[in-house]
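Reading through the structure tokens given below for one structure.
Note that this is a predicted model, so its numbers are computed, not measured.
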Amino acid sequence: MTVHSTATRKRRSIYLNHCIVYRKSLTSFIMEFFNSALGKNITFVRPTYFIISGFIGIPNIKYYYVFLFFVYIVSVVGNTAVMAVICLDYNLRTPKYIAVFNLAFADLCSSSALVPKVLDIFLFNHRYIPYNDCLTFLFFCYTCLSMQALNLVVLSYDRLIAIIFPLHYQVKVTHRFMLSLIAFFWVLTIIAVLITVGLITRLSFCKSVVINSYFCDHGQIYRLACNNYTPNLVMAILLPLLILWLPLVFIICTYLCIGYALSKVATIQERVKALKTCTAHLSLVVIYFILLLITFILMEKMHPNARIINLSLTSVFPPMLNPIIYVLQTQEIKESVKKLFKFRVLSRITVKQSL
């Protein structure tokens with residue numbers, strides 16, 4: 001028994017030593033991953049501020065920022081109105097309109113995270129932005145803009161089930177399922193962007209601190225580093241894959257399935273009726289992805305000013321147009337708006353008569 005217990009203790013000791021060595025190696029790897037200057041003869045430099053360059057050599061460019069301001073106002077009013085209509089009308093509290101509400105909320109957040117700060121930087125000449133403020137600015141912009149594409153995925157899934165499995169729609173797409181799916185996408189986006197922003201903190205900036213963009217752009221920031229930025233480059237590839245290419249592929253596959261299902265429908269009227277329920281969503285997909293695809297495909301060939309204009313319009317135009325498209329092309333929202341206006345007019349008439 002004594003020999004057996006001694007052998008057991010030796011095995012445990014060897015196992016514990018292996019665990020300690022493994023933990024130390026894992027810890028050193030993580031520290032090395034997030035601090036590329038560790039153990040190397042590198043002076044780690046974290047700048048106190050970045051400088052946003054914006055447009056180069058364009059006269060009267062302030063009028064463009066005034067244009068962005070009016071686009072922002074329309075976006076805020078439109079998305080707030082859509083959210084209010086969905087909240088006020090009990091008939092719109094369905095899984096589909098939970099997704100529409102979340103789209104309006106993400107659009108409102110993305111516009112509010114981006115445009116006011118851009119106006120402050122360029123209209124009031126506050127181009128020097130502190131290091132921590134720049135990373136915070138980057139986090140909120142990327143998170144909210146990423147959710148726009150993922151919201152389109154949610155809406156495409158809703159249309160897929162509604163058209164292909166109409167009898168099972170109430171069972172497959174419930175309030176709980178829709179809320180869970182949206183919450184999952186928010187958590188996924190926040191984690192992905194947090195990792196992206198966190199990897200910037202491992203970079204040493206001993207060269208320029210001028211960001212050649214109109215906001216704290218991740219791609220422009222990590223290229224300013226004077227140490228190894230391979231992890232940032234990896235995230236710069238993975239993040240667009242996660243928030244742009246995979247959603248686009250899923251949406252295309254969704255509509256291929258819808259088209260195949262509709263081709264089996266006997267009458268043309270039924271096909272047209274089913275397609276009408278998709279027109280608003282398809283319009284949003286085209287508006288959102290066309291500008292982004294142009295930017296990503298032609299980024300290296302574009303002049304910096306053209307790239308900034310395209311990126312800024314991609315960021316502000318979809319949030320402005322989304323509520324307009326849903327109000328004009330969605331019958332339920334149009335009917336709800338008419339009811340709310342009729343109710344308001346009748347209430348005013350009743351108050352006047354009582355007076």
Side-chain angles (χ1 to χ4, degrees), residues 23-56 110 113-114 117-118 120-122 126-147 149 187-245 292 295-296 299-300 302-305 307-308 310-312 314-315:
R23 286 178 182 176
K24 285 183 178 178
S25 61
L26 181 62
T27 304
S28 62
F29 171 76
I30 292 171
M31 292 179 69
E32 175 72 16
F33 188 73
F34 280 96
N35 187 359
S36 57
L38 187 67
K40 300 177 183 178
N41 189 20
I42 297 174
T43 302
F44 190 83
V45 179
R46 180 171 292 172
T48 55
Y49 57 83
F50 287 107
I51 301 171
I52 311 294
S53 67
F55 292 101
I56 302 169
S110 64
L114 180 67
K117 187 62 179 177
V118 169
D120 178 61
I121 291 170
F122 296 108
H126 295 156
R127 294 173 184 257
Y128 290 77
I129 179 168
Y131 179 85
N132 290 329
D133 291 356
C134 191
L135 296 190
T136 304
F137 185 26
L138 187 156
F139 170 77
F140 282 106
C141 288
Y142 270 62
T143 300
C144 297
L145 290 171
S146 301
M147 273 306 298
V187 172
L188 178 67
T189 304
I190 289 170
I191 291 173
V193 178
L194 271 178
I195 293 172
T196 304
V197 175
L199 289 173
I200 293 177
T201 62
R202 65 183 290 280
L203 300 178
S204 180
F205 298 90
C206 54
K207 298 177 184 177
S208 174
V209 292
V210 178
I211 301 172
N212 295 318
S213 187
Y214 69 105
F215 77 115
C216 293
D217 192 346
H218 173 254
Q220 300 299 319
I221 291 175
Y222 78 78
R223 289 187 180 92
L224 298 175
C226 54
N227 57 350
N228 180 29
Y229 56 71
T230 302
N232 304 82
L233 179 61
V234 171
M235 286 306 299
I237 296 170
L238 288 179
L239 199 60
L241 180 67
L242 179 68
I243 66 172
L244 177 63
W245 299 111
L292 273 179
T295 304
F296 274 93
M299 183 164 303
E300 299 300 327
M302 277 186 175
H303 187 276
N305 289 339
R307 182 176 59 82
I308 291 173
N310 202 34
L311 276 174
S312 59
T314 303
S315 303

> OH/Tyr142 to CG/Leu194 distance, rounded to the nearest 0.5 angstrom?
Replying inline: 14.5 Å

>> If I take atom CZ from residue Arg127 and atom CD1 from residue Ile51, how far apart are they, to the nearest 0.5 angstrom?
In response: 10.0 Å

> Minimum heavy-atom separation for Cys141 to Ala113, with atom names?
Replying inline: SG-O, 3.9 Å

>> Nearest 0.5 Å, please: how far is CG in Asn305 from CG in Asn310?
In response: 12.5 Å

> Can you check whether Gly198's main-chain N or O pairs, donor with acceptor, with Thr201's side chain at less than 3.5 Å?
Replying inline: yes

>> Run the ring pair (Phe, Tyr, Trp, His ring centres under 6.0 Å) test against Phe50 and tell me which residues pass, sequence neighbours left out.
In response: Tyr131, Phe205

>> Taking side-chain contact (heavy atoms from CB on, under 4.5 Å) as the criterion, tell me which of Phe122, Phe137, Phe215 meets it with Ile52.
In response: Phe122

> If you measure from CG on Leu145 to OG1 on Thr314, what distance do you get to the nearest 0.5 Å?
Replying inline: 9.5 Å

Throw together a table of side-chain donor-acceptor distances under 3.5 angstrom for residues 229-244, partners on residues two or more places apart or in other chains.
residue	atom	partner	partner atom	Å
Thr230	OG1	Asn228	OD1	2.6
Asn232	OD1	Arg202	NH1	3.4
Asn232	ND2	Leu199	O	3.2

>> Suppose we screen for disulfide bond (SG atoms under 2.5 Å apart). Which residues come up paired with Cys144, at least two apart in sequence or across chains?
In response: none

> Just wondering, more than 12 heavy atoms not from Phe55 lying within 6.0 Å of its CZ?
Replying inline: yes

>> Within this structure, what is the CZ-OG1 distance for the pair Phe139 and Thr196, rounded to the nearest 0.5 Å?
In response: 10.0 Å

> When rounded to the nearest 0.5 angstrom, what distance separates OG in Ser208 from CG in Leu224?
Replying inline: 5.5 Å

> Any idea which heavy atoms bring Ser213 and Ser53 closest together, and the distance?
Replying inline: N-OG, 3.6 Å

>> For Asp217 versus Ile211, what's the shortest heavy-atom pair and its separation?
In response: N-CG2, 4.2 Å

> Taking the SG atom of each, are Cys216 and Cys134 under 2.5 Å apart?
Replying inline: yes

>> For Val209 versus Pro47, what's the shortest heavy-atom pair and its separation?
In response: CG1-CB, 3.7 Å

